[in-house]
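Scroll down for the structure; my scribbles are underneath it.
All values below were derived from every heavy atom in this structure, side-chain atoms included, with hydrogens, water molecules and symmetry-related copies excluded.
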Amino acid sequence: MKEITIIIYENNNGMDVFPCKNREVANALALAIVQENRAQHNIPEILSDAEALKSWRNLTNENIFIQETEIIE
């Protein structure tokens with residue numbers, strides 16, 4: 001078995017799942033999702049990307065989950 005980190009992004013279009021090599025990569029990708037969608041959700045400039053990620057559910061009614069999972073090869 002191998003452990004990977006995944007991002008689950010639940011939004012109005014459904015659910016996207018992004019497998020990542022490790023948590024560092026997953027955190028970077030989650031921040032990229034925030035950056036890409038800030039304007040669409042009118043996220044205030046005063047919030048950093050990391051703060052917006054922590055509050056994403058409250059700010060947007062969407063979810064971004066990061067979790068480790070095991071895969072069987």
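- For the atom pair L53 CG and L59 CG, the distance stands at 10.5 Å (nearest 0.5 Å).
- Hydrophobic clustering (ILVMFWY, side-chain heavy atoms < 4.5 Å, transitive): F18 and M15 are in distinct clusters.
- The minimum heavy-atom distance linking I66 with A30 is given by the pair CD1-CB, 3.9 Å.
- N13 and N11 make their closest contact through N-OD1, 2.8 Å (heavy atoms, listed as atom of the first residue, atom of the second, distance).
- If you take OG1 on T5 and CZ on R23, they are separated by 6.0 Å, rounding to the nearest 0.5 Å.
- Pairing each heavy atom of P19 with each of I4, the nearest pair is CB-CD1, 3.9 Å.
- Under the 4.5 Å side-chain criterion, counting only non-hydrogen atoms from C-beta, I43 is in contact with T60.
- The shortest side-chain heavy-atom distance between Q67 and I8 falls under the 4.5 Å cut-off.
- Between atom CG of residue N61 and atom CD of residue E10 there is a gap of 10.5 Å, rounded to the nearest 0.5 Å.
- Surrounding CD of E3 are more than 12 heavy atoms belonging to other residues, nucleotides or ligands, all under 6.0 Å away.
- For the pair E51 (side chain) and S48 (backbone), a donor-acceptor distance under 3.5 Å is present.
- R38 and P44 make their closest contact through NH2-O, 2.7 Å (heavy atoms, listed as atom of the first residue, atom of the second, distance).
- Heavy atoms only, all atoms of each residue included: C20 and V25 are closest at CB-CG1, 3.9 Å.
- The existence of a salt bridge linking R57 and E62 is excluded, since no basic side-chain nitrogen approaches an acidic carboxylate oxygen closer than 4.0 Å.
- Cluster membership check: L31 shares its hydrophobic cluster with L47, using side-chain heavy-atom separations under 4.5 Å among Ile, Leu, Val, Met, Phe, Trp and Tyr.
- Looking at N63 and Y9, their side chains never come closer than 4.5 Å, going by heavy atoms from C-beta outward.
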Steps toward salt bridge (Lys or Arg N to Asp or Glu O under 4.0 Å) verdict (K2, E70): CA-CA 6 Å; K2 181 179 180 181; E70 291 182 352; over 6 Å; no
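- Summarising the geometry of I7 relative to A26, their closest heavy-atom pair is CD1-O, 3.1 Å, with the distance given to 0.1 Å.
- Under the 4.5 Å side-chain heavy-atom criterion for grouping Ile, Leu, Val, Met, Phe, Trp and Tyr, V34 is connected to L29 within one hydrophobic cluster.
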